[in-house]
Structure formats: structure tokens, C-alpha cells
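We count ligands from 1, going down the list as the structure has it; atoms in each ligand are counted the same way. All values below were derived from every heavy atom in this structure, side-chain atoms included, with hydrogens, water molecules and symmetry-related copies excluded.
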Amino acid sequence: MACGTRSCQEPVIVSPATRVDLLRVEGVTVRFGGITALDKVTFGVPAGYIVGLIGPNGAGKTTLFNCLSRLYEPSEGDILFEGRSLKLTPAHGIAALGIGRTFQNLALFRTMTVRQNIMLGGHCRTRSGFLSNALRMPWVGREEAGLAAHTDELVRLLDLGPVAHTPVADLPFGTQKRVELGRALASQPKLLLLDEPAGGLNHEEVGALMALLRTVRDRLQLTMLLVEHHMNLVMRVSDRVVALDFGRVIADGTPAEVQANEAVVSAYLGGVS
Ligand code: ATP
């Protein structure tokens, strides 16, 4: 399936006045026995924004991502995507709803090629199953052609053309991370959850990632929520930043506001670079 209404070619400028929250986290609390990992966490992610989610180790970032992916059930509160609660959506229905995710530990098939890995990410958008494939129903060929065209667009967008037919295991780590991004984008998400995309990258690769995230957001009209320890990347790429500490939101504002926030500085014992 091609990009359809969301073209991979045209940058889109959204007026700030028209922005509404694509995602709302409302009073979410998660407890593990005696530990309160998230404590009445509330914030919004406006459509078209890149929102950075920061906090020291153990602050609750992964727990929140796992709630958004429906891997964890909040003890209290709700998460609204496009105004609808996620409570009725099981984890396996999240991608079809329009929420994609990359993982800290790459979730790739290492013996398959770059193109095959990206294409697999789009299968949640197809309706053909074992039976319709076996019977060669008319829509199966159309879906496969659309999926292939969309995969090729993503390969170009992520500058993976020269390695499109190379097995993932033969590629450097930084390139594998771009494949992981492509796999998540193949499901045509409206909201992309990025879990430490800069983890393990060298200085040059982090610089390229900053530019790539903004290009991808603009071209695909995406909204992104980014968990990242690399402060320089978060502060330069994000439109807003939410800071957590001990499961609570301690700051929510522009990168400059959050960087200057005393609670954030003291949570990081010495501030952000
Ligand atoms: P890091 O940056 O180190 O990945 P984080 O901000 O992602 O940290 P979480 O992993 O969400 O933090 O952890 C928040 C708190 O919840 C921590 O005290 C952690 O020990 C606890 N926690 C997380 N998952 C579980 C679990 N499955 N069972 C028990 N406690 C957990």
C-alpha cells in the first residue's frame, strides 16, 4: 500500500493554532507491588509535534511506553489516542490503531534483508491471511504491490537504497537502527514511539539522526514521542519536553524551559549538557 493520503514526498506545515493532542495521558498510575513506577502522570502530545520524554534511570519512562503499547495496564488513569481510550485495545491491536514503536534492543530478523524487514512491518496494515493468500484472492496481489511500493519509498527516505538487499546481520549497528525505524514506519503510524534511538550511535550518527527524525516527521506528517538519554539530541529535536522523576511529571514545556527548570537540574544532579 502506498503512502496514500500521507505522501512521503511533500513536507507539511501545520499551523500551531490547529494543533490538538493526538495522545493524552491522563492521571496514569502504575504500581508494582510497593513501588509506584508512575504517579498520576498527565501530559499531552500535540499532533505533529516531537515530544521528548526524559528522566533519570528508574524515572518511569519505559513503564509509560509499555502502558502506551498496552503491555502494562495502569492501576489508575487513562490514555486517550485520537480522543478514544486505549483500554479496549489489546497490545496486538495497537499498530493497526496507528501507534508504532521502535525498541531499545533491535527487533529485526537478522538473516532477512533490509527490504524484507521493512516490508514485514507493514503487514499489520494488510487484511490478507493464510486462506486468502492460498486462494490468490484478487485483493492479495494489490495489497502486496502497495506494500512493496511503500517499502521502496521508505528505503529511499531512510537512505537505505544501497543496502536494500543486504541481510541485516551484515550491517553496522547505526544502519540497523535506521532499518528498525523503517520497520516501525511501514505500519504507517500516526504516532511513533521511539525508545532510545540514539543508544549505541557515535557522534556523527547522532547528528544524522537528528536531521532524519525531523525529515521523517515532516514528510510523513507524524507525531513522535521520544524516550532518550542523549540530552543534546532531545533538546535539539523536540518541540516539547516532558521530564519525569520518581514516576512524577516534574516539568513540561519547551526544551529551553525544561533545561532551565530547577527540579530537572537537581534530578540530574548537575544539569543537562
Ligand atoms: P531507565 O532510564 O533506566 O530505562 P526508566 O525511566 O525507563 O529507567 P522504568 O524502567 O520505567 O524507568 O522503571 C520505573 C520504576 O519501576 C523503577 O523503580 C523500576 O525498578 C520499577 N519497575 C519497572 N518495571 C518493573 C517490573 N516489571 N516489576 C517491578 N518493578 C518494576
Side-chain angles (χ1 to χ4, degrees), residues 23-45 50-79 81 86-87 90-92 94 99-108 173 176-177 180-181 184 191-202 205-206 209-210 213 223-238 240-253 255 257-259 261-273:
L23 180 79
R24 285 237 23 109
V25 177
E26 304 262 17
V28 165
T29 294
V30 174
R31 294 190 194 92
F32 298 109
I35 296 169
T36 303
L38 295 175
D39 191 0
K40 298 187 180 68
V41 168
T42 296
F43 66 92
V45 178
I50 298 177
V51 174
L53 184 64
I54 63 166
N57 291 335
K61 305 177 297 293
T62 306
T63 303
L64 182 63
F65 256 36
N66 285 338
C67 290
L68 297 174
S69 311
R70 298 291 294 141
L71 299 174
Y72 291 168
E73 189 72 50
S75 326
E76 290 163 32
D78 203 355
I79 297 167
F81 180 67
L86 290 186
K87 276 182 180 159
H92 65 79
I94 282 294
I99 301 179
R101 176 175 183 173
T102 67
F103 292 86
Q104 231 167 300
N105 302 317
L106 302 180
L108 296 169
F173 183 71
Q176 290 187 14
K177 289 213 92 154
E180 165 85 347
L181 179 59
L191 174 69
L192 181 62
L193 309 174
L194 292 158
D195 196 352
E196 299 202 24
L201 299 187
N202 63 35
E205 289 168 333
V206 171
L209 178 67
M210 281 184 207
L213 291 180
T223 305
M224 296 181 180
L225 182 62
L226 165 73
V227 163
E228 187 50 72
H229 281 289
H230 196 295
M231 283 304 141
N232 190 29
L233 179 123
V234 176
M235 294 303 171
R236 286 180 62 185
V237 88
S238 305
R240 286 189 82 77
V241 175
V242 175
L244 294 178
D245 194 23
F246 293 112
R248 294 192 178 160
V249 174
I250 56 168
D252 180 354
E257 285 166 353
V258 170
Q259 236 170 332
N261 183 292
E262 275 181 30
V264 174
V265 174
S266 92
Y268 278 95
L269 294 175
V272 291
S273 59

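At the shortest separation from atom 7 (O) of ligand 1 among protein heavy atoms lies Thr62 OG1, 2.6 Å. Looking only at heavy atoms of the protein, atom 2 (O) of ligand 1 is closest to Lys61 NZ, 2.7 Å. For atom 14 (C) of ligand 1, the nearest non-hydrogen atom of the protein is Gly58 O, 3.3 Å. Of all protein heavy atoms, the one closest to atom 3 (O) of ligand 1 is Asn57 OD1, 3.2 Å. The protein atom (non-hydrogen) at minimum distance from atom 12 (O) of ligand 1 is Gly60 N, 3.2 Å. Summary of contacts: the protein heavy atom closest to atom 16 (O) of ligand 1 is Ala37 CB, 3.3 Å.
Within the 4.0 Å heavy-atom cutoff, Gly55 does not count among the residues contacting ligand 1. Within the structure, ligand 1 has Tyr72 among the residues with a heavy atom less than 4.0 angstrom away.
Looking at Ile35 next to ligand 1, no N or O pair under 3.5 Å apart turns up. Remark: ligand 1 and Phe32 share no N or O pair separated by less than 3.5 Å (distance only, no angle test).
Using a distance-only test at 3.5 Å, with no hydrogens or angles considered, no donor-acceptor pair links the side chain of Thr63 to the main chain of Ala37. Thr223 contributes no side-chain N or O that, together with a main-chain N or O of Leu191, makes up a donor-acceptor pair within less than 3.5 Å. The closest donor-acceptor contact from the side chain of Lys177 to the backbone of Gly199 lies under 3.5 Å. Using a distance-only test at 3.5 Å, with no hydrogens or angles considered, a donor-acceptor pair links the side chain of Lys61 to the main chain of Pro56. Under a 3.5 Å cut-off, the side chain of Glu228 and the backbone N or O of Gly52 do not form any donor-acceptor pair. In terms of modelled atom types and a separation under 3.5 Å, the side chain of Tyr268 and the main chain of Gly55 share a donor-acceptor contact. A donor-acceptor pair under 3.5 Å links the side-chain atoms of Arg70 to the main chain of Lys87, judged by distance alone.
When each atom of ligand 1 is checked for a heavy atom of Thr63 under 4.0 Å away, the hits are 9 (P), 11 (O), 13 (O), 14 (C), 23 (C). The atoms of ligand 1 that sit less than 4.0 Å from any heavy atom of Ala59 are 5 (P), 6 (O), 12 (O). If you number the atoms of ligand 1 from 1 as listed, the ones under 4.0 Å from a heavy atom of His229 come out as 2 (O).
The local environment of CZ in Arg248 is sparse, with at most 12 non-hydrogen atoms from other residues, nucleotides or ligands closer than 6.0 Å.
Residue pairs satisfying the ring-ring contact (aromatic ring centres under 6.0 Å, His included) criterion with at least one member in residues 51-71, sequence neighbours excluded, are absent.
Remark: atom 29 (C) of ligand 1 lies closer than 4.0 Å to at least one protein heavy atom. Inside a 4.0 Å radius of atom 20 (O) of ligand 1 there is not any protein heavy atom.
Residues forming a salt bridge (Lys or Arg N to Asp or Glu O under 4.0 Å) with Asp245 (at least two apart in sequence, or on another chain): none.
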